Protein chains: 2
Amino acid sequence: MALTRQAVLDEAIRTLDAYGFADLSMRKLAGALEVQPSALYWHFANKQSLLAAIAESMLGQVAAPDPRLDWDGQVRSWAHGLRAALSSHRDGAELVASVLSMRAEGVDPTRGLVAILHRAGLRAPDARAAAAGVLHFVMGHAVDEQGHAQMQAFGVASAGPGVAPDDPDQRFAYGLELLVDGIRSRLT
Amino acid sequence: MALTRQAVLDEAIRTLDAYGFADLSMRKLAGALEVQPSALYWHFANKQSLLAAIAESMLGQVAAPDPRLDWDGQVRSWAHGLRAALSSHRDGAELVASVLSMRAEGVDPTRGLVAILHRAGLRAPDARAAAAGVLHFVMGHAVDEQGHAQMQAFGVASAGPGVAPDDPDQRFAYGLELLVDGIRSRLT
DNA sequence: ACCTGAACACCGTTCAAGT
DNA sequence: ACCTGAACACCGTTCAAGT
């Protein structure tokens, strides 16, 4: 059976979960598929577009918030959904962050949130700025949280760098509420 | 004259500015210093600790906010100072983000801000959570902004992914004010 | 103490050639 | 259409040996 683009993508995600983002290489992936490294380039133009496909598949699984919720419920739901999606695979946050920083076209997790904030009453540029703020917070928190888990798994412990310990769920909720309150104060 | 740790660090920063983060390699750095790659490992244990030293030198240049300002002025000053420091070298935000995500010990830009928020009236866990939120926002914004500049320099233009266009300064100020307002609403 | 030289175990990507 | 084989131009890191 011939290799398909989807089969490559699936195996890439398995390799990610097994070895982590830093050790996800085209050569290791080719080995897992029992194929030459160059074979992958028939299905993906380069490694970056494979990573973008992984990111898209992770972000695609986050559902749009229930529109019957009030705006702040929708924002919370969006943020928690994104956080869950980023945590669905090893180093998922780091991978998505790297894809976003490379600005792969089409990968824009922010669209749904901008619409929510616009309906809530923010004019378009403010809605975009606020959505970017919430996105940065969620991404930063998730990268931090997963990196911290990594270190604990390695037994490095560490005093924690950019960010303090405490319960990650509480820290996430607190930071998110800061932004929600800030947005609320701009609505009237 | 023998190579010093500081000379390696200085040349590394020059190489960063000249070639960018992705092309800052130990071998290229060694070439610029007219030395064998292995010579660098006398002065730095590995590449990661060299990157940590670069990050520390960038973060070290951000001054503590004037304590005569009120708390929100100090928060704004801290955030703008960090943003400026991250922008002081090519791909500075990406480099610092990578060092933070690896949790290099000692590199914690958050300490000064936690103290400010604690003095403002937040109890310690809340001050840490809020400081993490502000840090994530500033880092995310700066990575985004520098990445976008990169793409423009390459002529890739792009519709912009994770984040919309608009004026970066305005977007930064707006997002920061969201957090400041959120923090204010927790003080009384 | 500080650096060279050579090696080890990797990378991403290209491209002619095969089927 | 889809993959192999071989090559190109790189990496980070280690370590005996030199001075």
Side-chain angles (χ1 to χ4, degrees), chain A residues 1-16 18-55 90-91 94-95 97-99 101-104 147 150-151 154 156, chain B residues 1-16 18-55 90-91 94-95 97-99 101-104 147 150-151 154 156:
Chain A
M1 232 293 277
L3 212 53
T4 61
R5 187 182 161 93
Q6 186 64 46
V8 173
L9 178 55
D10 290 347
E11 191 65 47
I13 291 176
R14 267 192 292 274
T15 306
L16 173 67
Y19 298 97
F21 183 54
D23 292 333
L24 170 56
S25 68
M26 297 300 268
R27 297 181 104 104
K28 180 168 283 178
L29 174 55
L33 290 164
E34 295 181 299
V35 99
Q36 296 292 322
S38 47
L40 302 176
Y41 291 84
W42 181 262
H43 300 279
F44 289 92
N46 47 44
K47 185 180 184 180
Q48 192 52 45
S49 67
L50 171 60
L51 295 179
I54 299 176
R90 159 122 86 129
D91 295 336
E94 196 184 342
L95 186 149
S98 103
V99 168
S101 84
M102 298 287 184
R103 8 198 71 59
Q150 282 290 90
M151 292 301 106
F154 265 97
V156 187
Chain B
M1 233 292 277
L3 212 52
T4 61
R5 187 182 161 93
Q6 186 64 46
V8 173
L9 179 54
D10 289 347
E11 192 66 46
I13 291 175
R14 266 192 293 274
T15 306
L16 174 67
Y19 298 97
F21 182 53
D23 292 333
L24 170 55
S25 68
M26 297 299 268
R27 297 181 104 105
K28 182 167 283 178
L29 174 55
L33 290 164
E34 294 181 300
V35 100
Q36 296 293 323
S38 48
L40 302 176
Y41 291 84
W42 181 261
H43 300 280
F44 290 92
N46 47 43
K47 185 180 184 179
Q48 191 52 45
S49 67
L50 170 61
L51 295 179
I54 299 176
R90 159 121 87 130
D91 295 336
E94 197 184 342
L95 186 150
S98 102
V99 168
S101 84
M102 298 287 184
R103 9 198 69 59
Q150 283 290 92
M151 293 300 105
F154 265 98
V156 186

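On a predicted model such as this, the values are computed, not experimentally measured, just so you know. Lettering follows sequence order; numbering is per chain, from 1. The figures here come from the full heavy-atom set of this structure, side chains too, leaving out hydrogens, waters and symmetry mates.
Rounded to a whole Å, the CD atom of B:Q36 is 12 Å from the C1' atom of C:dA7. Distance CZ (B:F44) to P (C:dC2): 14 Å, rounded to an integer number of Å. Spacing between atom CZ of A:R5 and atom C1' of D:dC3 amounts to 18 Å, rounded to whole angstrom units. We find that CG of A:L3 is positioned 13 Å from C1' of D:dT4, with the value rounded to whole Å. The distance between atom NE2 of B:H43 and atom P of C:dC2, rounded to the nearest whole Å, is 7 Å. In this structure, CG of B:L40 is placed 11 Å from C1' of C:dC3, rounded to the nearest angstrom. The distance between atom NZ of A:K28 and atom P of C:dG12, rounded to the nearest whole Å, is 10 Å. Regarding B:E34, its CD atom lies at a distance of 13 Å from the P atom of C:dC3, rounded to whole Å.
Taking every heavy atom of both residues into account, A:A32 and A:T15 meet most closely at CB-OG1, 4.5 Å.
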Nucleotide-resolved protein contact map, nucleotides 13-19 of chain D, B/S/- at heavy-atom distance under 4.0 Å: BBB----
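Which of D:dC11, D:dC3, C:dC11 sits closest to the side chain of B:S25 comes down to D:dC11. With C:dA1, C:dT4, D:dC3 as the choices, the nucleotide that has an atom nearest any side-chain atom of B:W42 turns out to be C:dA1.
For residues 19-41 of chain B, no pair satisfies salt bridge (Lys or Arg N to Asp or Glu O under 4.0 Å), with sequence neighbours left out.
Judged as a side-chain hydrogen bond (donor to acceptor under 3.5 Å, both in side chains), and not counting sequence neighbours, B:Q48 has no contacts. Annotation: side-chain hydrogen bond (donor to acceptor under 3.5 Å, both in side chains) contacts of B:E94 (sequence neighbours excluded): none. A:R14 is linked by a side-chain hydrogen bond (donor to acceptor under 3.5 Å, both in side chains) to A:E11, counting only residues two or more places apart in sequence or in another chain.
In this structure, the separation between CZ on A:R90 and CD1 on A:I13 is 14.5 Å, given to the nearest 0.5 Å. Expressed to the nearest 0.5 Å, how far CH2 of B:W42 lies from CG of B:L3 amounts to 12.5 Å. How far OG1 of A:T4 is from CG of A:L9: 9.0 Å, rounded to the nearest 0.5 Å.
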Nucleotide pairing, DNA chain D (Watson-Crick or G-U, distances under 3.5 Å), in dot-bracket with [ ] and |: ||.|||||...|||||.||
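Across D:dA9 and C:dC10, the matching P atoms stand 22 Å from one another, rounded to whole Å.
A donor-acceptor contact shorter than 3.5 Å links the side chain of B:N46 to the backbone of B:S49.
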